[in-house]
Amino acid sequence: IKWNYGVGLIEKDITKKTYSEYFSVSVQIVYIFMLLNNIRETNARQLDKRLLLSVPTINRALKELVDRGLLETVGNNTRKLYKMNSRIEFWKKGKEFLFNPVSKVLYSEHVSYRELYSNKYALYKIVNPDSCINNTRYYGIAEEHLSRISKSFLIDEFDLEKKSKYAVVEVFKYNPKWLSRGPYIDPISLYSQFKDSKDEDTLIALKEMLEATVGL
């Protein structure tokens with residue numbers, strides 16, 4: 001008797017997901033939040049209590065940070081945690097993926113707002129609190145809060161030379177107040193704005209700011 005055995009093999013291609021050159025908005029928020037708060041181990045449910053993002057959104061962000069080699073996982077299923085082995089390495093590897101969070105810029109005749117200071121006004125005030133006294137003030141605001149800025153005060157960029165004073169309002173792709181601890185845009189978002197600057201003084205100020213605020 002001759003027996004014929006047939007074995008069916010299914011070859012499964014497991015392709016690692018590829019990501020764009022920069023973080024997505026939610027990933028940048030999670031990355032900055034973990035970095036600023038020196039969070040070494042966490043999961044989506046722990047972060048959900050501190051960030052206004054959904055658990056699925058945070059889970060996707062944490063997975064991307066793993067795929068990009070910035071975090072590792074420990075445990076599994078409901079006990080899975082995302083671990084940062086080295087804060088310095090987390091910073092060095094992740095800073096390359098940071099995008100400029102400002103989506104658009106507005107100009108206002110009204111020069112004082114109860115919003116976070118941003119741009120170089122914030123950068124230099126953090127480095128030297130006595131600087132920028134007479135400089136143009138920059139403010140950072142989330143898109144969903146633009147109603148706080150009265151349209152009647154807005155002016156065209158081409159009319160600025162006719163104005164002795166005005167404020168610059170930068171609209172952020174995420175709510176900067178989620179990440180800020182004081183009157184200024186958080187230092188990592190500020191770094192994201194100017195990391196590609198060719199101005200030597202700006203780069204020096206960035207270095208001083210990071211050392212003074214987050215020890216990086």
Side-chain angles (χ1 to χ4, degrees), residues 14-106 113-118 122 139-149 169-193 195 213-214 216:
I14 302 177
T15 306
K16 191 172 183 179
K17 183 174 179 180
T18 57
Y19 296 98
S20 62
E21 182 181 359
Y22 297 108
F23 287 144
S24 65
V25 171
S26 59
V27 176
Q28 181 144 315
I29 292 171
V30 170
Y31 172 81
I32 293 175
F33 189 80
M34 290 186 66
L35 192 62
L36 291 177
N37 293 281
N38 196 20
I39 297 173
R40 299 304 181 98
E41 276 191 2
T42 192
N43 60 29
R45 294 207 172 274
Q46 291 174 9
L47 291 179
D48 174 55
K49 297 173 183 177
R50 305 172 69 181
L51 284 171
L52 295 178
L53 295 173
S54 69
V55 169
T57 297
I58 297 173
N59 262 326
R60 287 192 294 270
L62 290 169
K63 183 181 184 303
E64 181 173 330
L65 290 173
V66 171
D67 290 345
R68 288 186 186 267
L70 302 177
L71 294 176
E72 292 183 359
T73 57
V74 292
N76 51 54
N77 299 326
T78 57
R79 296 185 178 181
K80 181 186 287 186
L81 290 173
Y82 294 84
K83 182 179 179 181
M84 180 197 306
N85 283 324
S86 163
R87 186 168 182 255
I88 296 299
E89 285 303 308
F90 188 68
W91 163 243
K92 286 181 178 178
K93 290 181 179 179
K95 66 181 181 178
E96 304 301 322
F97 306 120
L98 291 167
F99 61 81
N100 185 342
V102 176
S103 61
K104 60 183 173 183
V105 178
L106 306 173
Y113 290 100
R114 292 182 179 179
E115 303 295 340
L116 298 176
Y117 293 121
S118 67
Y139 298 93
I141 191 171
E143 179 87 39
E144 61 265 30
H145 295 152
L146 266 181
S147 58
R148 297 173 184 171
I149 309 298
V169 179
E170 297 186 318
V171 183
F172 275 63
K173 295 176 182 177
Y174 48 81
N175 189 340
K177 289 191 175 181
W178 291 354
L179 301 169
S180 174
R181 297 175 180 174
Y184 308 110
I185 295 296
D186 75 89
I188 308 303
S189 292
L190 279 176
Y191 172 85
S192 303
Q193 284 188 267
K195 67 174 186 167
T213 55
V214 287
L216 294 170

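Along the sequence shown, residues are numbered consecutively beginning with 1.
The closest side-chain heavy-atom distance from P187 to L36 is below 4.5 Å. Using a 4.5 Å heavy-atom threshold, the side chains of L179 and I188 count as separate. No side-chain heavy atom of K93 sits less than 4.5 Å from a side-chain heavy atom of L65. You'll find the side chain of I185 stays beyond 4.5 Å of the side chain of E170, heavy atoms only.
The number of heavy-atom neighbours closer than 6.0 Å to CZ of R45, taken from other residues, nucleotides and ligands shown, is 12 or below. Summarising the local packing, CD of E41 is surrounded by more than 12 heavy atoms from other residues, nucleotides or ligands at distances under 6.0 Å. Within 6.0 Å of CD in E21 there are 12 or fewer heavy atoms belonging to other residues, nucleotides or ligands.
Between F99 and Y174, the ring planes are perpendicular. Angles over 60° get that label, and only those under 30° would be called parallel.
Of the possible polar contacts, none joining the N37 side chain to the I39 backbone as a donor-acceptor pair under 3.5 Å is found. Y31 places a side-chain N or O within donor-acceptor distance of the main-chain N or O of W91, the cut-off being under 3.5 Å. With hydrogens and angles disregarded, no donor-acceptor distance shorter than 3.5 Å links the side chain of K83 to the backbone of V74. Of the possible polar contacts, one joining the S103 side chain to the V171 backbone as a donor-acceptor pair under 3.5 Å is found. With R87 contributing its side chain and L35 its backbone, the two residues share a donor-acceptor pair below 3.5 Å.
Rounded to the nearest 0.5 angstrom, N43 CG and N59 CG are separated by 8.0 Å.
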Q. Could you walk me through whether L216 and K95 pass the side-chain contact (heavy atoms from CB on, under 4.5 Å) check?
A. CA-CA 11 Å; L216 294 170; K95 66 181 181 178; over 6 Å; no
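Seen from the ring of F97, R68 counts as a face-on cation partner, given the 6.0 Å and 45° thresholds.
Taking the centre of each ring, W178 and F172 stay at or above the 6.0 Å mark.
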